[in-house]
Amino acid sequence: TINGVEFAVADLALAEAGRTQIRLAEHEMPGLMATRREYAAAQPLKGARIAGSLHMTVQTAVLIETLVELGAQVRWVSCNIFSTQDEAAAAVVVGPDGTPDRPQGTSVFAWKGETPEEYWWCTDKLFAFPDGPPTSILDDGGDATLLVHKGVEFEKAGAVPNPGEEDPEDYRLLLRTLAESLRADGKRFTRIAEEIRGVTEETTAGVNRLYRFARDGELLFPAINVNDSVTKSKFDNKYGIRHSLVDGLNRATDVMLGGKIAVVCGYGDVGKGAAESLRGQGARVVVTEVDPICALQAAMDGLEVLRLDDVIERGDIFVTTTGNCDIIMAADMLKMKHNAVVANVGHFDNEIDMAGLAKVPGVRKNEIKPQVHEWTFSDGHAILVLSEGRLMNLGNATGHPSFVMSNSFTNQTIAQIEVFTKPGSYAKDVYTLPKHLDEKVARLHLDALGVRLTELTKKQAEYIGVDVGGPYKLDHYRY
Ligand code: NAI
């Protein structure tokens, strides 16, 4: 703690470098900046304590400072051990008007290259506001929400979590963090859950967890699914990855993509963006899918759709985008070409069987540079694994660019205002934002691109059965 600001970041001296990047990002984030102007006087988040767990990047810094400008007190962690940009974290702690000696900003607990143990230590810190429990969570992937739910579950049962060897590493570490917390205070998470008015969730993986909690009647507070705002998943997941996947591949390996065979596992929103970016580089893209609709889409988009086994020996680059587990197993990696690149952009690190890879007899791991590892098998052939199987567009590059994140984060800000200012109007269920707000987010980004939107005439509006000012589509429309 310095000057009353509690934090754990790599180096506050990086703040100035972070601030210049934030300044440039603000220009590219018209939605967030317009939201600041719109709510400057009303201060709708005054009194809110927002616990945020989302990649601590430059773009996230603009989100955090938007929430603060709207009146909120904020604490922040990253939702991935490799995704923090240390200069952004430092700048947020120092704040726009502070100095490294006298920080005046926001409490951040995040640095690039946390160990998994440190990751859960940070996540636990997220909830310790000096003046009471958080009023809301802003989550990406659902780890902060999961910690609260698991905490309440153990507190109710009066049991201390006891991680077993068979539990996956991440879950074992979560349980260990909980055990320590419960020993210190056996009702902590119950109090936190009672205070929380809602969570706003950023990504597909976290949203899936929320719907499962809701289905099983276990959701402890209302949730807004930000991911499924059209201006989030059809933009960030797709156009964001179209930018940052190739960025990550280039920074990691600089291997020529043109002419290579790139295998994209999963053709959902992220897979579509990944395939497009690789094709844009002249790679020959092969897709794997389990869903016949997405498989047909890939084929109609002109891509080959095969099983992983069909291309395992021919592929030069493998990218997982499924949000599912066990996509590329150790036995698959053994069959790959020399120096094939293996990368994941799905939220969690269980798409690629890293544990199995480490157990292959005779395998050797050599660090080419941070987040780029050469794994050499006993026959002498090797593969390159990026970001140890974790989100590589954030581990090897800096994630999605500001403009697309402005769409996602404007939705986040609107969702935070909803849950904080309307307590009681949402049940313990998962909601999406109404379409008129989705359209508003898009509208805020048109001017910057010189888009001139056509206006409906009254007659036309009546003819298609909408208002002149929108919404322009019914809720079931898929874009
Ligand atoms: P999605 O549900 O639209 O797409 C996933 C696709 O994978 C589906 O079409 C599904 O049928 C397919 N799939 C599932 N199991 C498969 C298997 N065994 N083999 C082949 N395909 C399989 O989800 P979305 O939005 O594309 O997100 C995917 C993942 O990426 C999630 O974990 C999400 O949280 C994450 N994400 C990552 C971002 C990043 O910056 N790296 C940005 C946005 C989302």
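Counting begins at 1 with the first residue of the sequence. Counting starts at 1 for both ligands and their atoms, following the listed order. Quick caveat, the model's predicted, so the values are computed rather than measured.
Looking at Thr321 next to ligand 1, no N or O pair under 3.5 Å apart turns up. For Thr204, a nitrogen or oxygen atom sits less than 3.5 Å from a nitrogen or oxygen atom of ligand 1, counting backbone and side chain alike. Among the atoms of Phe348, none of the N or O lies under 3.5 angstrom from an N or O of ligand 1. Residue Tyr267 has no nitrogen or oxygen atom sitting less than 3.5 Å from a nitrogen or oxygen atom of ligand 1, judged on distance alone. Ligand 1 has an N or O atom lying under 3.5 Å from an N or O atom of Val270, backbone or side chain. For a threshold of 3.5 Å applied to N or O pairs, the pair formed by Val345 and ligand 1 contains at least one separation below that value. In terms of polar-atom proximity, defined here as any N/O pair under 3.5 Å, Asp269 does make such a contact with ligand 1. The shortest N or O to N or O distance between Asp236 and ligand 1 is not below 3.5 Å. For Thr203, a nitrogen or oxygen atom sits less than 3.5 Å from a nitrogen or oxygen atom of ligand 1, counting backbone and side chain alike.
Remark: distances from the non-hydrogen atoms of Cys294 to ligand 1 include one below 4.0 Å.
Proximity of Val264 to Thr321: side-chain heavy atoms (C-beta onward) are separated by under 4.5 Å at one or more points.
Partner of Val58 under the side-chain contact (heavy atoms from CB on, under 4.5 Å) criterion, chosen from Val92, Thr20, Ile22: Ile22. The only option from Asn237, Asp269, Thr203 that meets the side-chain hydrogen bond (donor to acceptor under 3.5 Å, both in side chains) definition with Asn227 turns out to be Asn237.
The closest side-chain donor-acceptor pair between Thr413 and Thr410, if any, does not fall under 3.5 angstrom. For the 3.5 Å distance criterion, the side chains of Thr322 and Glu351 qualify, holding a donor opposite an acceptor.
When only non-hydrogen protein atoms are considered, atom 19 (N) of ligand 1 lies nearest to Val290 CG1, 3.8 Å. From the protein, the heavy atom lying nearest to atom 1 (P) of ligand 1 is Gly268 CA, 4.0 Å.
Atoms of ligand 1 found under 4.0 Å from any heavy atom of Ile327, numbered from 1 in the order shown, are 17 (C), 18 (N). Close contacts between ligand 1 and His347 involve ligand atoms 30 (O), 31 (C), 32 (O), 34 (O), 35 (C) [criterion: under 4.0 Å to a heavy atom]. Ligand 1 places these atoms under 4.0 Å from at least one heavy atom of His400: 40 (O), 42 (C). Near Asn324, meaning under 4.0 Å from any of its heavy atoms, are these atoms of ligand 1: 14 (C), 15 (N). Atoms of ligand 1 lying under 4.0 Å from at least one heavy atom of Asp291, given by number and element, are 11 (O). Residue Thr288 approaches ligand 1 through these ligand atoms, each under 4.0 Å from one of its heavy atoms: 20 (C), 21 (N). Ligand 1 places these atoms under 4.0 Å from at least one heavy atom of Asn393: 39 (C), 40 (O), 41 (N). Atoms of ligand 1 lying under 4.0 Å from at least one heavy atom of Leu391, given by number and element, are 39 (C), 41 (N).
No donor-acceptor pair closer than 3.5 Å links the side chain of Asp11 to the backbone N or O of Asp86. Under the 3.5 Å distance criterion, the side-chain polar atoms of Gln416 are matched with a main-chain donor or acceptor of Ile137.
Of the candidates Lys234, Glu289, Gln297, Glu201, Glu289 brings a heavy atom nearest to atom 6 (C) of ligand 1. When Asp140, Thr322, Asn237, Val404 are checked for heavy-atom proximity to atom 5 (C) of ligand 1, Thr322 turns out nearest.
Among all heavy-atom pairs drawn from Ala144 and Ser53, the shortest one is CB-CB, 4.0 Å. Met336 and Ile383 get closest at one heavy-atom pair: CB-CG2, 4.0 Å.
Taking the ring centroids of Tyr477 and Tyr479, they lie under the 6.0 Å cut-off. Remark: aromatic rings of His149 and Phe221 are close, center separation under 6.0 Å.
Legend: residues meeting salt bridge (Lys or Arg N to Asp or Glu O under 4.0 Å) with Asp143, ordered by chain and number and at least two apart, are Arg209.
For residues 279-290, no pair satisfies side chain to side chain donor-acceptor pair (under 3.5 Å), with sequence neighbours left out.
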